[in-house]
Amino acid sequence: MATCENSCFTEDENDHQILSSKRIITILSDDEDLEVNKNNKRQRSPSLSKPKPLQLMNKRTIKSNTRQTSLSIIRTNSDSNGNEERKWNLKTIASSSNENSSKQKKKKITQTKSVTVAQSRYSSTLVRTVSSPSIVKNDISNDPSRTVSFDGAVINEEDVFSQWNEESSTSSSTAVNSKSIWKEIFSKSVKSKPVDDELKQEWSALDKDQPSNHYRFNAAPVGVKRTCPFYKKIPGTTFCIDAFNFGNIDGIQAYFLSHFHSDHYGGLNKKFSNMLYSNQITCNLCKSELGIRSETMTILPMNEFINVHGIDVALLDANHCPGSNMFLFRFANGRLILHTGDFRAAPTLLKHPLIQPKQIDTVYLDTTYCDTHYRFPSQDEVIESAVGLVLDSLKENARTLVAIGTYLIGKERIFHAIAKALDCKIFVETRKFRILNQLENDDLSKRLTKHPHETNVHVVGMGSITQPMLQAHVDKYALKYNKIIGIKPTGWTTPRSTSGSKHYSIESKSSNITIYGFPYSEHSSFDELKNFIQYIKPKRIIPTVNVGRADLRDKMNGYFQQWLST
DNA sequence: GCGATCAGCT
DNA sequence: CACAGCTGATCGC
């Protein structure tokens with residue numbers, strides 16, 4: 001998976017030769033990866049099959065059955081913006097041998113990772129990684145042992161600097177440079193509250209109870225009853241959010257639903273006999289698509305506090321899909337808790353009158369793209385780019401069919417904008433027709449048609465944007481069209497260029513079919529998350545996505561600490 | 001014969 | 001990888 005950008009084997013080897021005498025850190029662990037019992041694979045939860053937490057070993061003999069990882073700094077570059085980029089060399093030597101001496105059995109894996117340190121134009125106070133390994137700073141101000149974590153391994157300040165103390169008389173310029181970078185990492189003071197022990201306990205209890213399965217609603221072991229993870233419940237209330245896969249949850253009176261996507265309503269069906277709370281659109285969809293009875297639903301208004309079982313609740317637009325909302329809970333003593341559901345924190349979202357700095361105690365955060373990888377343009381920019389592409393394509397060949405991939409709900413803005421630009425109708429299948437007509441968007445509803453011949457803008461399932469499927473689609477209408485372009489809007493599409501106006505990438509191309517990927521996201525980008533949190537300044541953040549792995553949680557927690565400390 | 005759930009896949 | 005599904009198989013009524 002490594003690209004040339006972050007893995008250059010020959011260079012690494014050369015650089016590492018130079019530095020080999022200045023090894024900075026050696027991390028040692030029993031390498032369980034080498035002993036995976038394939039017969040037992042299904043019973044092993046992912047969290048158990050991971051290597052044990054790496055233990056820092058400094059200048060000790062390499063044991064057998066171990067993996068040795070060394071981290072060193074091999075190069076420092078400055079770009080034209082004055083950003084410094086430093087490359088770290090992560091070297092892994094795995095051995096399956098029981099004898100120390102049989103070196104030929106050792107496998108060498110060398111990777112180079114780019115890391116930009118401090119003072120970047122994003123004014124990050126710490127370390128921003130372009131790709132893993134991640135360096136996450138723990139709460140140094142309150143941590144007497146002063147550690148940072150490196151890809152899940154805890155690195156102790158003393159262990160790092162003890163090497164230079166001993167070697168100070170012979171240190172080369174490179175080593176001095178390395179030392180200064182380590183100093184930089186350890187010296188930034190992080191002002192934040194003590195490590196959230198309570199939260200830590202909740203996570204580890206969850207890991208033990210339902211290893212890795214709590215975040216994936218359909219992955220409970222056979223015969224094991226799923227229990228609702230703590231982050232789907234609001235403490236001090238009888239409320240849960242997007243938790244329909246756990247039967248009747250003890251102590252829960254009100255079941256909130258943030259939006260109508262299957263990974264959130266999963267488990268909801270006709271038999272549901274509790275009380276569901278959501279907005280008008282989502283409740284409509286629950287009724288028409290899942291057959292939920294009206295008596296078991298309470299429709300809440302938007303932007304207005306309503307008392308539910310003694311707690312005030314306000315629904316705020318989440319900017320995710322139509323009918324998506326965040327929940328703002330207000331307790332009798334004024335304490336505020338915000339649950340974002342799935343959301344995209346576009347700048348306009350910060351202008352909401354109910355969202356004020358330093359007022360919110362706890363935020364349950366949609367951390368889908370909480371990683372520096374995820375930088376993508378605004379929806380408006382992507383839409384403009386998609387409309388431009390369609391207009392160009394039609395100019396070139398008027399007999400072009402435009403197929404846009406979507407999910408159940410979501411991505412409407414992109415095909416709506418295309419239809420508006422062409423002033424044409426939008427073909428959708430029956431189920432989609434029914435759903436889109438409930439989104440309370442008059443212009444969109446007016447343009448919908450169930451007749452494919454009325455328009456060259458066709459909305460299809462995301463899975464249909466493949467060469468064979470599109471070929472079959474265009475063949476169906478061969479009398480009218482001889483070309484088809486497929487548009488795939490997803491947050492996972494990395495933008496090719498962020499400077500120009502063309503945000504798409506060509507995913508595949510044949511004579512009459514072209515598939516375009518657009519970085520159209522309905523979740524916050526990394527920077528949007530950062531801005532949102534830095535504006536709100538909550539006391540506490542609980543991530544709700546990518547929480548199945550402790551190393552990812554640590555990484556996200558590192559970002560949170562960073563954001564809240566500036 | 002139907003809905004609900006699940007593994008596998010993208 | 002995962003977004004948020006979809007498909008096809010199996011289970012229970």
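None of these values were measured; they are calculated from a predicted model. Below, chain A is the first sequence line, B the second, and so on; all start at residue 1. Computed over heavy atoms, backbone and side chain alike; hydrogens, waters and symmetry mates excluded.
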Whole Å only: how far is the [atom1] atom of [X] from the [atom2] atom of [N]?
{"X": "A:F518", "N": "C:dC3", "atom1": "CZ", "atom2": "P", "answer": "23 Å"}
{"X": "A:H373", "N": "C:dC3", "atom1": "NE2", "atom2": "P", "answer": "15 Å"}
{"X": "A:I465", "N": "C:dC6", "atom1": "CD1", "atom2": "C1'", "answer": "14 Å"}
{"X": "A:E289", "N": "C:dC6", "atom1": "CD", "atom2": "C1'", "answer": "15 Å"}
{"X": "A:N546", "N": "C:dA4", "atom1": "CG", "atom2": "C1'", "answer": "14 Å"}
{"X": "A:K271", "N": "B:dA4", "atom1": "NZ", "atom2": "P", "answer": "6 Å"}
{"X": "A:K432", "N": "C:dG5", "atom1": "NZ", "atom2": "C1'", "answer": "11 Å"}
{"X": "A:Y369", "N": "C:dC1", "atom1": "OH", "atom2": "C1'", "answer": "11 Å"}

Quick one: label A:H259 by what it contacts on the DNA or RNA (base, sugar-phosphate, nothing), any heavy atom closer than 4.0 Å.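 No contact.
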
At 4.0 Å (heavy atoms only), tell me whether A:T368 reaches a base, stays on the sugar-phosphate, or touches nothing.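 Result for A:T368 = sugar-phosphate.
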
Quick check for you: among [options], whose closest atom lies nearest to any side-chain atom of [X]?
{"X": "A:H320", "options": "C:dC1, C:dG5, C:dA4", "result": "C:dA4"}
{"X": "A:K270", "options": "C:dC6, C:dA4, B:dA4", "result": "B:dA4"}
{"X": "A:S262", "options": "C:dG5, C:dC6, C:dA4", "result": "C:dG5"}
{"X": "A:Y374", "options": "B:dT5, C:dA4, C:dC1", "result": "C:dC1"}

All pairs passing ring-ring contact (aromatic ring centres under 6.0 Å, His included) where residues 277-300 of chain A contributes a residue, at least two apart: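 Every ring-ring contact (aromatic ring centres under 6.0 Å, His included) pair that includes a residue of residues 277-300 of chain A, provided the two are not neighbours, is A:F256-A:Y277.
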
Taking only side-chain N and O atoms of A:H523, does any of them lie within less than 4.0 angstrom of OP1 or OP2 on C:dA2?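 No, because none of the side-chain N or O atoms of A:H523 sits under 4.0 Å from OP1 or OP2 of C:dA2.
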
Look at A:H261 and C:dC3 and indicate whether a side-chain polar atom (N or O) is within less than 4.0 Å of OP1 or OP2.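 No, no such contact exists.
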
Looking only at side chains, do A:T406 and A:E412 share a donor and an acceptor under 3.5 Å apart?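 A:E412 and A:T406 do not have a side-chain donor-acceptor pair below 3.5 Å.
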
Carboxylate-amine/guanidinium proximity below 4.0 Å for A:R293 and A:E295: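 Looking at A:R293 and A:E295, the cut-off is met.
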
Could one point to a donor on the side chain of A:Y407 or the base of C:dC3 with an acceptor on the other under 3.5 Å away?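 Donor-acceptor pair under 3.5 Å: yes.
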
Is the A:H453 to A:H451 ring centre distance short of 6.0 Å?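 No; A:H451 has its ring centre 6.0 Å or more from that of A:H453.
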
Listed by chain and number, what are the side-chain hydrogen bond (donor to acceptor under 3.5 Å, both in side chains) partners of A:T367, not counting sequence neighbours?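 A:T367 satisfies side-chain hydrogen bond (donor to acceptor under 3.5 Å, both in side chains) with no other residue.
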
